[in-house]
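Residue numbers run from 1 in the order of the sequence given. Indexing begins at 1, ligand by ligand and atom by atom, following the structure's order.
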Amino acid sequence: MELLTYCTILLVCSLLLKLLKGKFSPSLPLPPGPNGYPIIGNLLDMPTVMPWKTFQKWSNVYGDVMLLRLPGNPIVILGSTQATFDLLDKRSDIYSDRPTSVMQKMMFWDWAMSLMPYTQTWREHRREFHQYFYQRKVPTYHPVQLAQCRAGLQRLLASPTENVGQNIRQIFTAIILKVTYNLDITDLRDEYVVMAQKALEGVSLGTVPGKFWVEFFPILRHIPSWVPGNSAGKMADHYKPIVEFMRNKPFDEIKQGMMNGNVVPSIASSLIERVYKKSGEDYSTPIDDTLARNVAGIAYAGSSDTTTSAAQSCLIAMSLYPEVQRKAQEELDRVVGPNRLPDFDDHEDLVYLRAIVLEAMRWMVVLPLCIPHRVIRDDEYKGCLIPKGTIVMPNIWLAV
Ligand code: HEM
């Protein structure tokens, strides 16, 4: 009897082991990808300019789940909408983490919620952010959006060929600065417009996958920036004060105003009020306002460049495809008429225009490689093992 029990336990255990092994066996193949070199893997193959184009070529060869071997964690590039949806959406419980980046830290971008790991701190930021940007809240910002768009149109009318791109940038940066910090932007060269543009230029240049070896060998960050060839150090020195300015300057101004008894309503002032209310202190007492500062900062940082870029793509599309522009004008004339400007009430009826906006965002996708995700445990997809810690990047440029 004892022997029978022993044998049964042994059988069950071995079956369980077999099942588990079958699920995430080291013998499961890794996704295919370009051959690399020993130790450094694909490090030397990594494209540094428009990497999404090279990834597209590779995906055509290796398929829509492709692995790049790099020192530290491998990178999986997703080359189809289906694979992106299957992993990042359907399995978001394990794919919502973010890789930590040495360059982001060196450039002072590690406070940004969009780059934070999937932790309690991120959840708190997200909850706070959501208070001000859930879908039904957004219409409260329509008056600001309309006012800034119309001011921008006046500027374009007065000067249709000069500074068009910067003019568009002013519209979108002015909108987010007004709702977040109640700041009024009246000039193309306003420091808040220019500094946000530069700070975001920094994050996009500094986070090209594979560009900076310091990501794979973090010890390199201790090399002084004056050492010839230390492009990572030089870049960090250049951008860090700009990013600090962007996150702190408008917030500090609002806070100072509140300390002086001057509370102008805005997202930042509401965030500050909430922090102080929670602490029970008054505005003259210094308290930890990191969460409020970060949430206001990410609204400013997350929106100014993305929305500008999407609107600029629409304008480029209109100049390249005049027949599409003509049809859009016909729709505007029919729906809105000649005596007023369109507003949000016309949105539903401007079917063709809405399609143009969506198509422009597909055509010149704003963040072609999204913001990298990281899987928090071993996973299996299409018969391949995606090991814990793998960085996962959907190639949106190819997938749409
Ligand atoms: C055309 C406009 C925009 C585009 C194309 C865009 C694109 C993106 C993308 C691709 C992500 C990463 C999603 C992911 O990794 O799963 C993201 C995240 C984020 N975006 Fe945007 N975005 C736009 C506008 C905005 C605006 C207006 C705001 C703020 C008001 C904003 C704030 C954020 C934040 C806070 C995150 C991080 C979300 C999180 O960590 O959960 N974005 N955006």
* Looking at Tyr95 versus His373, is the centre-to-centre ring distance below 6.0 Å? -> no

* To do: For ligand 1, note which part of His373 has a heavy atom under 4.0 Å away: side chain, backbone, both or neither.
  => side chain

* **Region of Arg123 engaging ligand 1 - heavy atom pairs below 4.0 Å** => neither

* Asked: Against heavy atoms of Trp122, which atoms of ligand 1 measure under 4.0 Å?
  -> 39 (C), 40 (O), 41 (O)

* Arg91/Asp86 salt bridge by N-O under 4.0 Å criterion -> no

* To do: Output the list of atoms in ligand 1 that are nearer than 4.0 Å to some heavy atom of Val366, sorted by atom number.
  => 5 (C)

* For atom OH of Tyr37, decide whether the heavy atoms of other residues, nucleotides or ligands shown that lie under 6.0 angstrom number more than 12. => no

* Using a cut-off of 6.0 Å, state whether more than 12 heavy atoms not belonging to Lys249 lie near its atom NZ. => yes

* In ligand 1, which numbered atoms sit nearer than 4.0 Å to a non-hydrogen atom of Ile298? -> 35 (C)

* Asked: Ring centres of Tyr239 and Phe108 under 6.0 Å apart?
  -> no

* Asked: If you group Ile, Leu, Val, Met, Phe, Trp and Tyr by side-chain heavy-atom gaps below 4.5 Å, do Leu353 and Leu341 land in one group?
  -> no

* Asked: Does ligand 1 have any atom sitting under 4.0 Å from a heavy atom of Arg98?
  -> yes

* Structure fact -> Numbered in order shown, the ligand 1 atoms found under 4.0 Å of a heavy atom of Arg126 are 39 (C), 41 (O)

